[in-house]
Amino acid sequence: MAKITKQSDNFSKWYTDVILDADLADYGPVKGTMVVKPYGFSLWTNIRDSLNKMIEDSGHDNAYFPLFIPKSFLEKEAKHVEGFAKECAVVTHSKLISEEGSLTVDPESKLEEEIIVRPTSETIIWHMFKKWITSYRDLPLKVNQWANVVRWEMRTRLFLRTSEFLWQEGHTAHATKEEAMKETLEIVEIYRTLFEDYLAIPTIIGRKSNLERFAGADETFSIETMMRDKKALQAGTSHYLGTNFGSAFDVKFQSKDNKEHPVYATSWGVSTRMVGALIMVHGDDKGLKIPPKIAPTQVVIVPINPKKENSEEFSSFVMKVEKKLTHLDIRTHIDDLDESPGFKFNKWELKGVPIRIEIGLKEFDNMEVTVCRRDNSEKYQIQIDKIDEISTILQSIQDNLFNDAKTFMDNNTCTVSSFADFTDTLSKNNQFIKAYWDGTDETELKIKEKTKATIRCIVEDNEDSSNKCIFSGETAKHLVVFAKAY
RNA sequence: CGGGGUGUAGCGUAGUCCGGUUAGCGCACCGCCUUUGGGAGGCGGGGGUCGCAGGUUCAAAUCCUGCCACCCCGACCA
C-alpha cells in the first residue's frame, strides 16, 4: 500500500488511488468494466438495503426483468432511441466455433432479431405492463428492480461511469397525470433522505432543462451533489414519463364507467455512482470517510501487545470490548494481523472506518479504551463501563460529515446577475452558480460552449419580469444552478 | 474516428539512440531472526516467451516490416 496522491496535486488520481488502495474495486479485463471487491460491495450492500427498505415501505414491489431486450423494443419510443442508440451492446450471434484452441463467431448462428443488452428497462417493462394492465383495478402498478445495466461509454471511470453498473430502477404506472407526478416527487424525497440521512451528502434538487432531460421523459428531477473539487455529480434521477411509454407500447386501461384511458408513467434510479459521490464528498488526503450508517465496519479494534504480556487476560479484554460493541449493534472488527500499529492506523483511515479503538497494556490496566475519530482525528479514552457512548459518537460522526459537506457546498455556491461575474467566478473558484436563465436551448448551449458549465437543474420558476437572463438579457423563465459536471 | 504517446516480473521502472556477460533496480511476495502506541529493520529467496508475428545478423529487449493492445487530448456521453 503506497501513499495516495494528494487531492490538491491531482484530484482524479487521488480518487483512483483511494478506490484501488482501499480495496473498494479493481479494473476488469474488458475496457470500462469494474470488479467490485468485497469491501466495496459490502458498502454498496448497506446502501442498497437502506434504500430498498424505503422503496418497499412506500408500496413498491421488487421484481426482475430480463437483461436481453429485442432491438425493436428500443425503436418504439422516438426520443428514447435517440438517447441510447449510440451506447448499446448488441448480441448478434449465439455460437462460437472452436478451431485449434481459438474461437471464431459462427456465421450460421446469426440471430433473426438482434438483442440489446439493457441500457435501462423502460421498454421491456412497458412491454410487460401491456399484458398486466387492462383495468383501473390494475393501477397503480409500482415495481422496482435491482439489476445491472450496460452503457457502452467511450470514457469510463471507476464507479462514476463504467460500461456495466449496478443500480435500482423503479417503474410505475398510474391512472392520472397527478398521481404519476406525485409518485415522481415522492421518490425524489426518498432519494433526498437516502443521500442526506444515510450517505451524509447534501443535495440540490430540481428539474432538468430540455437538453439534460432523460430520453423519453416529460420531466426529469435530479439530485445534484458537489464533490470536493467543486464539480457537480448527478447522483440520482426521477422521471415523469407522461404517456410516452404507455402509448408507445399501447397500454390502456378501462375505468369504472367503461371508458378507455391512457396510462401515465414514472421511472427513477440510483446507481453504484453513489459510491463515487460518497468518496468525493467526504474523502481527504488520508483516504475515505464512510458515514457510520452505511460503513461496512463501524469500529475497528487495534490490539497492541507486542511482547504478548498477560496474553490470555489481554485478549479476553479485547474480546470483551468487541462483544459489548456487538451487543450495541455496532459492526466491529478486530485487526489482529501481524502488522505494525502504525501500518494498521493508516490502513483503516484509508478505508474510512469511522472509529478506531486502540487497546494496549495501558488501556488494559486502566480498564479503558482509546478512541480515535476518523472525521476530526480527535483521540481520547473511554472507560470500559461507559463503552455505550460509542453509539453516540457514531451518530455525532454521521452528523458531522453531513454538516461539513453542507458547509462546503454552501460556501462554494453563489448567485450572480451578470455573465461577466459568471465567467469570472467560474475561472477563479469553479463554484456552483445560481443565476437566471431565459429557458432557451440556445442560451444553454452557448453558455456550455463558452464556459463548459451546464445547467444542473432548475430550482425555481421566475414570476418577476424584472429578473433577466444573465446571458441573453431577456426576461428570465427560471432560476437555475450552473456548474461544471462529471 | 483525428492528434500524440506507451508496451520489459503483480505494480513502477533502467537498459533501446550506438546489437555483444546470466536483462538490473524499487515496491509487493516467500522464509528466518530482531521489532511493534503513526506506514519497522537485517539476512536469505522465488518470480521474465522483454506486447505478438516475421525479417536482418555469428548474435536482437535493442535494427527493419507488419499486426495487436492500452493510455492521454479531442469528438461522443452521465
Side-chain angles (χ1 to χ4, degrees), chain A residues 1-5 10 12-13 16-17 20-22 26-33 82-88 102 119-120 149-165 167 208 211-215 217 220 222-225 227 231-237 239 269-274 276-277 285-287 301-309 314 335-351 356-366 368-372 374 377 379-381 448-449 452 454-457 483-486:
Chain A
M1 224 179 308
K3 280 209 167 160
I4 58 173
T5 307
N10 183 342
S12 289
K13 185 82 175 11
T16 308
D17 282 357
L20 297 176
D21 288 355
D26 204 348
Y27 291 102
V30 174
K31 189 173 144 61
T33 61
E82 258 176 64
F84 287 104
K86 280 176 279 182
E87 52 187 57
C88 279
S102 81
T120 178
V149 288
V150 169
R151 296 181 188 176
W152 213 264
E153 304 284 0
M154 311 210 65
R155 274 297 284 255
T156 55
R157 297 192 65 193
L158 294 170
F159 287 111
L160 293 184
R161 186 178 292 107
T162 44
S163 312
E164 178 190 3
F165 56 93
W167 76 345
K208 282 291 188 189
L211 291 173
E212 296 271 334
R213 189 177 295 147
F214 175 73
T220 288
S222 78
I223 318 292
E224 299 291 329
T225 56
M227 306 298 104
K231 281 172 83 173
L233 182 73
Q234 175 183 304
T237 44
H239 314 291
V270 291
S271 71
T272 33
R273 178 181 262 197
M274 281 189 288
D285 284 344
K286 287 179 173 176
I301 300 174
V302 179
I304 304 165
N305 185 11
K307 302 216 165 72
K308 308 242 187 300
E309 294 173 45
F314 179 81
D335 185 356
D336 52 9
L337 293 179
D338 185 22
E339 293 162 341
S340 73
F343 185 87
K344 289 179 184 176
F345 296 168
N346 285 291
K347 176 176 71 179
W348 292 108
E349 280 164 3
L350 174 60
K351 283 171 161 300
R356 177 179 73 242
I357 286 182
E358 300 169 18
I359 303 177
L361 293 171
K362 260 187 301 180
E363 288 84 355
F364 173 61
D365 289 339
N366 299 334
E368 63 183 20
V369 296
T370 296
V371 170
C372 187
R374 176 64 180 90
S377 302
K379 204 166 173 174
Y380 42 83
Q381 278 70 42
K448 182 178 178 181
E449 201 180 300
K452 292 202 168 170
T454 52
I455 295 178
R456 302 322 304 154
C457 63
K484 290 181 187 167
Y486 273 97

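Lettering follows sequence order; numbering is per chain, from 1.
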Please measure how far the [atom1] atom in [N] lies from the corresponding atom in [M], and state the result in whole Å.
N: B:G4; M: B:A9; atom1: P; value: 27 Å
N: B:U22; M: B:C29; atom1: C1'; value: 23 Å
N: B:U8; M: B:C70; atom1: P; value: 14 Å
N: B:G55; M: B:A61; atom1: P; value: 15 Å
N: B:U21; M: B:C63; atom1: P; value: 16 Å
N: B:G15; M: B:C25; atom1: C1'; value: 11 Å
N: B:A59; M: B:U34; atom1: C1'; value: 49 Å
N: B:C27; M: B:A69; atom1: C1'; value: 26 Å

Taking atom [atom2] of [N] as reference, at what distance in whole Å does atom [atom1] of [X] sit?
X: A:D17; N: B:C11; atom1: CG; atom2: P; result: 16 Å
X: A:D335; N: B:G39; atom1: CG; atom2: C1'; result: 13 Å
X: A:K448; N: B:C76; atom1: NZ; atom2: P; result: 8 Å
X: A:L160; N: B:C77; atom1: CG; atom2: C1'; result: 13 Å
X: A:R157; N: B:C76; atom1: CZ; atom2: C1'; result: 17 Å
X: A:E82; N: B:C77; atom1: CD; atom2: C1'; result: 14 Å
X: A:F345; N: B:A40; atom1: CZ; atom2: P; result: 11 Å
X: A:F343; N: B:C27; atom1: CZ; atom2: P; result: 14 Å

(message) Can a donor-acceptor pair be found, under 3.5 Å and without considering hydrogens, that links the side chain of A:K208 to the backbone of A:T220?
(response) no
[X]/[Y] ion pair, N-O < 4.0 Å:
X: A:E224; Y: A:R456; answer: yes
X: A:E368; Y: A:K362; answer: no
X: A:R151; Y: A:E164; answer: no
X: A:K347; Y: A:E349; answer: no
X: A:E153; Y: A:K86; answer: no

For nucleotides 34-36 of chain B, print each protein N/O atom paired with a nucleotide N/O atom at under 3.5 Å, atom names and distance only.
none

(request) Over 60° means perpendicular and under 30° means parallel, so classify the ring planes of A:F364 and A:F314, tilted if in between. (result)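 Correct class here is perpendicular.
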Considering every strand and a 4.0 Å limit on heavy-atom distances, what is the contact class for [X]: base, sugar-phosphate, or nothing?
X: A:E212; value: nothing
X: A:L20; value: nothing
X: A:E358; value: base
X: A:R356; value: base
X: A:R151; value: nothing
X: A:K208; value: nothing
X: A:K362; value: base

Could you tell me the Watson-Crick or G-U partner of [N], where both distances fall under 3.5 Å? Say none if there is no partner.
N: B:C76; answer: none
N: B:C32; answer: B:G42
N: B:C70; answer: B:G5
N: B:C11; answer: B:G26
N: B:G54; answer: B:C64

(request) Using heavy atoms to find the nearest nucleotide of RNA chain B for A:K452 and A:L361 separately, return the residue whose nucleotide is more 5′. (result)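 Looking at RNA chain B, the more 5' nearest nucleotide goes with A:L361.
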(request) With sequence neighbours left out, write down each residue that passes side-chain contact (heavy atoms from CB on, under 4.5 Å) with A:S12, or none if nothing qualifies. (result)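 A:S12 satisfies side-chain contact (heavy atoms from CB on, under 4.5 Å) with A:N10, A:R157 only.
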(request) Consider the side chain of A:K347, meaning its heavy atoms from C-beta on, and name the nucleotide among B:G38, B:C77, B:G39 that approaches it most closely. (result)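 Looking only at heavy atoms from C-beta outward on A:K347, the closest nucleotide is B:G39.
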(message) Tell me whether the NZ or CZ atom of A:K379 lies within the 45° cone about the ring axis of A:F345 and under 6.0 Å from its centre.
(response)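 That pair qualifies as a cation-pi contact.
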(request) Look at the side-chain N and O atoms of A:K86 and state whether any lies under 4.0 Å from the OP1 or OP2 oxygen of B:C77. (result)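 Yes.
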(request) Establish, from distance only, whether the side-chain atoms of A:Q381 and A:T370 form a donor-acceptor pair under 3.5 Å. (result)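 A pair is found: one side chain offers a donor N or O, the other an acceptor, under 3.5 Å apart.
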(message) Can you tell me whether the side chain of A:E363 and the base of B:G37 have a donor-acceptor pair closer than 3.5 Å?
(response)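 Donor-acceptor pair under 3.5 Å: yes.
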